[in-house]
Amino acid sequence: MATPHITALADDFAETVLMPGDPLRAKMIADTYLTDVRQVNAVRNMLGFTGFYQGRRISVMGSGMGIPSLSIYAHELFSQYGVQRIVRVGSCGSLQDGVKVGDLVIAQGASTDSVVNRKRFGGFDFAALADYRLLERTVRRADESGQPVHVGNVFSADLFYEPDPAWAQRMTRMGVLAVEMEAAGLYGVAAELGRQALAVLTVSDHLISGEKLTAEQRQDDFHDMVRLTLDAMTLDH
Ligand code: HPA
């Protein structure tokens, strides 16, 4: 069995898939946190792995950058490989003074300038939401761990290099916590196919203050986020 972008066998993926943007981060998560790991995809170097975390079967696979790339992989995993839930683990840029670099942002909803969800929704504005149970469980773990966590709206931008200088101010005024490039696509695919999705993000840079994490801080925060997400996913569904 294969899809155009994944050559894995039918039961090669676990029901839960963690999805970083960078396939080498998928490898790092598999190498660091999973046992009995098998590589299950390498098409276009979009590495995918399946193993076990605390006795529970978990997969991890890269999404690439942006809604179109993520949507291809999420669609094929949900529709062809029996995947029930995908949790994006990525980074974002803060749009609020109170959301600091290094904090965690959990995307309760995802606004976007992409048209993908309007296409799915007959031209209307679709409220792209996280699965509530996944959200609740992950927020609970974050609160227990004492990590600063913000839960709310993010903006999934099609353009990393946004040309409109007024853009960020509008987002800030509307209470959008942070910008990234995939969550609205993931939530739309999950809604279309009746599956669960969540995006858990670390704040890597601040669009108002200009502050940025160092490469080392990014790595540490990424690990904290991955551990927290894995712990949340291995609580009972
Ligand atoms: N824009 C889009 N995605 C991002 C950003 C950003 O500024 N920072 C981290 N991910």
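Each ligand, and each atom within it, is numbered from 1 in the order the structure gives.
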Task: Pairs meeting criterion salt bridge (Lys or Arg N to Asp or Glu O under 4.0 Å) with involvement of residues 213-224, two or more places apart - done: D224-R227
Open item on the list: Any carboxylate oxygen within less than 4.0 angstrom of a Lys/Arg side-chain nitrogen, looking at R85 and D131?
Closed with: no
Quick one: ligand 1 N/O to protein N/O pairs below 3.5 Å?
residue, atom, partner, partner atom, Å
ligand 1, 8 (N), G93, N, 3.4
ligand 1, 8 (N), D205, OD1, 3.0
ligand 1, 8 (N), D205, OD2, 3.4

- [ ] Group every Ile, Leu, Val, Met, Phe, Trp and Tyr by side-chain heavy-atom contacts under 4.5 Å, then state whether Y53 and M233 land in the same group.
- [x] yes
Open item on the list: Against the six-membered ring of F126, is R118 placed for a cation-pi contact (under 6.0 Å from the centre, within 45° of the normal)?
Closed with: no
Task: Carboxylate-amine/guanidinium proximity below 4.0 Å for E211 and K100 - done: no
Open item on the list: Taking the basic N atoms (NZ, or NE/NH1/NH2) and the acidic carboxylate oxygens, is any pair closer than 4.0 Å for D164 and R170?
Closed with: yes
